[in-house]
Novice: 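Below you will find the structure I want to go over with you.
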Amino acid sequence: MKTLSRRRFLTASAATLSVAAVPSLLLPTRPARADGHKVIAAGKRVIEVKGKAANVFGLTQADGSSGLVMNAGENFRVTLKNLIGEPTVIHWHGLTPPWQQDGVAGISQEPIPDGGSHDYDFPVARAGTFWMHSHFGLQEQLMLAAPLIVLDPAEAGQDMQEVVVLFHDFTFRDPREILAELQAGGHDMGAMAPAPAPAAGGHEGHNMPGMAMGGGQMSGMQMGGQMDGMSHLQDVQYDALLANDRTLDDPEVFPVEPGGRVRLRLINGAASTNMWLDLGKLTGRLIAVDGMPVEPVEGSRFEFAVAQRLDIALELPKEASAWPVFAVQEGGRMRTGVVLAAKGASVGKLADMADEDFPAVGIELEQKLRAAKPLVDKSATRQHTMMLGEGPNYVWTLDGAMHGQDKPLAVKSGDRFELTFMNHTTMSHPMHLHGHLFQVVAVNGKRFAGAMRDTVLVPANMGMVTIAFDADNAGKWALHCHHLYHMAGGMMTSMAYDD
């Protein structure tokens with residue numbers, strides 16, 4: 001993404017998409033094509049990572065730009081063309097469209113065949129930092145993702161520079177091989193770390209329809225209980241972390257004005273890596289998470305789980321200098337980033353390893369966050385505790401079932417639903433609910449009026465997070481862990497309105 005003044009940013013545009021194989025008779029018909037659709041192509045591309053060519057996917061407009069920019073109050077009118085050589089479907093992460101346009105294979109949409117296209121048309125009322133990514137097989141690991149920025153027209157006159165960064169974890173390996181190794185026991189070799197106390201505050205053919213893997217229902221504790229208070233931090237080893245497709249060998253440099261104001265719109269588009277956002281010598285104000293405003297939190301380091309977004313406001317120092325912004329893997333030192341640089345400032349060589357190991361990403365920040373616009377206070381009319389479990393051969397479950405053998409979670413229009421995630425596994429899980437915004441209302445049983453979100457991290461080893469949402473978008477919606485390999489291993493279900 002290029003740096004843009006807010007005025008130029010309003011005119012920019014681009015996007016992404018993905019699909020899966022399901023019987024067409026069970027899925028809704030496509031909306032009629034309307035004039036004025038932006039065309040986004042899911043296609044193949046080649047990037048350079050550490051001096052080597054890498055074949056990946058991408059979501060681009062005709063001018064080659066990646067990521068879609070629009071205004072709140074407009075309609076999301078997009079034609080997605082599939083040119084990747086296999087079926088795909090794209091999910092508009094953070095938007096709340098009619099369920100038939102949510103872009104989830106096997107739940108809301110047919111796969112888009114290679115060479116085919118699909119039209120989307122629905123209103124977008126809410127501004128925020130969102131993104132789009134494949135919801136088919138393991139394509140997200142192959143970087144079939146892009147930013148989706150919805151601007152607030154009321155903020156158009158603000159003198160604040162917009163900087164958008166999409167982070168990703170990158171591997172030269174075929175993700176199918178990675179999943180096969182994990183299912184053969186490779187998970188046991190993943191990085192380990194002490195778990196937080198529970199009471200603390202060139203690829204082809206990646207079509208795995210609907211993420212349904214084989215296997216039977218099982219208890220979440222079939223592995224025989226916790227592993228002596230230890231937890232896995234990574235079960236996939238990566239070659240690099242990327243920021244807007246680049247490593248720190250050649251980072252993107254954003255020209256900025258000394259003393260200027262910058263809004264960082266940061267997206268953790270990693271397949272499985274929780275990160276820390278490290279501002280280095282700068283201090284910023286976190287003003288929104290997952291596209292939703294929060295009471296500002298000042299700091300220089302912020303926890304940043306898979307699929308989450310951080311909006312950070314910066315007041316730059318007045319000297320002409322360069323300021324790197326890093327994303328660092330949890331439990332390690334691997335990092336990537338971009339540079340904010342004043343005219344004439346020297347940008348030195350940046351190491352791709354931090355000076356020290358960063359800790360596990362947990363819920364310390366989550367417990368500090370308070371929604372700027374919380375839900376209306378009222379009692380829950382429906383409640384459910386969902387057990388997150390794991391089993392042999394890299395099986396991950398929700399309420400003891402793998403996706404494909406599960407029953408949809410029942411909800412009724414008008415419900416105030418409180419859903420508690422209880423994590424019986426040795427890894428944290430970034431849980432994402434489609435089609436709704438939720439408020440974090442409790443962590444490990446302690447109630448508070450937390451942030452509005454669409455993705456929340458549930459800590460390992462009996463961590464509990466409770467979310468509340470209003471059932472105001474009837475349909476059938478995906479609910480899953482956003483760690484791609486956990487979802488592929490079964491940790492996905494759906495939520496269906498009974499009316």
Novice: State whether a side-chain donor-acceptor pair under 3.5 Å links Thr129 with Asp311.
Specialist: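 A donor-acceptor contact under 3.5 Å links the two side chains.
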Novice: Do you know which two heavy atoms are closest between Glu298 and Phe302, and how far apart they sit?
Specialist: C-CZ, 4.2 Å
Novice: Are side-chain heavy atoms of Glu74 and Val124 found at a separation under 4.5 Å?
Specialist: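 Result no, sub-4.5 Å side-chain heavy-atom pair not found.
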Novice: Parallel, tilted or perpendicular: which one describes the rings of Phe76 and Phe122, with boundaries at 30° and 60°?
Specialist: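 Correct class here is parallel.
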Novice: What about the rings of Trp131 and His482, do their centers lie closer together than 6.0 Å?
Specialist: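 Yes; His482 has its ring centre under 6.0 Å from that of Trp131.
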Novice: Could you work out, with ring-ring contact (aromatic ring centres under 6.0 Å, His included) as the rule, every residue matching Tyr485, not counting sequence neighbours?
Specialist: none
Novice: Within the side chain of Thr381, is there an N or O that forms a donor-acceptor pair under 3.5 Å with the backbone of Arg416?
Specialist: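 It does hold such a pair.
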Novice: Ignoring hydrogens and geometry beyond distance, is a side-chain donor-acceptor pair present between Glu390 and Thr426 at under 3.5 Å?
Specialist: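 There is such a pair (donor and acceptor under 3.5 Å, judged by atom type) between the side chains of Glu390 and Thr426.
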Novice: Any chance CG of Asp498 has more than 12 other-residue heavy atoms, nucleotides or ligands included, within less than 6.0 Å?
Specialist: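 Result for CG/Asp498: enclosed.
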Novice: Assign the ring pair Tyr497 / His436 to parallel, tilted or perpendicular, where the plane angle (0 to 90°) is split at 30° and 60°.
Specialist: parallel
Novice: In terms of relative ring orientation, are His434 and His93 parallel, tilted or perpendicular, with 30° and 60° separating the classes?
Specialist: tilted
Novice: Output yes when Arg261 and Glu315 qualify as a salt bridge under the 4.0 Å nitrogen-oxygen rule, no when they do not.
Specialist: yes
Novice: Would you say the side-chain atoms of Gln141 pair up with the backbone N or O of Asp169, donor to acceptor, closer than 3.5 Å?
Specialist: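 Such a contact is found between Gln141 side chain and Asp169 backbone.
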Novice: Please report the closest heavy-atom contact between Leu388 and Thr425, naming both atoms and the distance.
Specialist: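 For Leu388 and Thr425, the tightest heavy-atom pair comes out as O-CG2, 3.3 Å.
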Novice: What's the shortest heavy-atom distance between Ala270 and Val306, and which atoms?
Specialist: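 Smallest heavy-atom distance, with atoms named: O-CG1, 3.4 Å.
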Novice: Where does the angle between the aromatic ring planes of Trp396 and His429 fall among parallel (under 30°), tilted (30 to 60°) and perpendicular (over 60°)?
Specialist: perpendicular
Novice: Is any side-chain heavy atom of Leu310 closer than 4.5 Å to one of Gln308?
Specialist: no
Novice: State whether a side-chain donor-acceptor pair under 3.5 Å links Ser108 with Asp102.
Specialist: no
Novice: Can you check whether Arg309's main-chain N or O pairs, donor with acceptor, with Asp290's side chain at less than 3.5 Å?
Specialist: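 Yes, Asp290 side chain to Arg309 backbone: donor-acceptor pair under 3.5 Å.
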Novice: Is it true that a side-chain atom of Arg126 and a backbone atom of Val150 form a donor plus acceptor pair closer than 3.5 Å?
Specialist: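 Side chain of Arg126 to backbone of Val150, a donor-acceptor pair under 3.5 Å: no, none is there.
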Novice: Using modelled atom types and a 3.5 Å cut-off, is there a donor and acceptor pairing between side-chain atoms of Gln139 and backbone atoms of Ser134?
Specialist: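 It does not hold such a pair.
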Novice: Look only at the side chain of Asn423 and the backbone of Met462, and say whether a donor-acceptor pair between them is shorter than 3.5 Å.
Specialist: no
Novice: Is it the case that the side chain of Asn444 and the backbone of Met464 share a donor-acceptor pair, with hydrogens and angles ignored and the cut-off at 3.5 Å?
Specialist: yes
Novice: Does any N or O in the side chain of Asn274 come within less than 3.5 Å of the main-chain N or O of Glu330, such that one atom is a donor and the other an acceptor?
Specialist: no
Novice: Tell me whether the count of non-hydrogen atoms from other residues, nucleotides or ligands lying under 6.0 Å of NZ in Lys281 goes above 12.
Specialist: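 No - once you tally the heavy atoms of other residues, nucleotides and ligands closer than 6.0 Å, there are 12 at most.
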Novice: For residues Asn473 and Gly435, report the shortest heavy-atom separation together with the two atoms involved.
Specialist: ND2-O, 3.1 Å
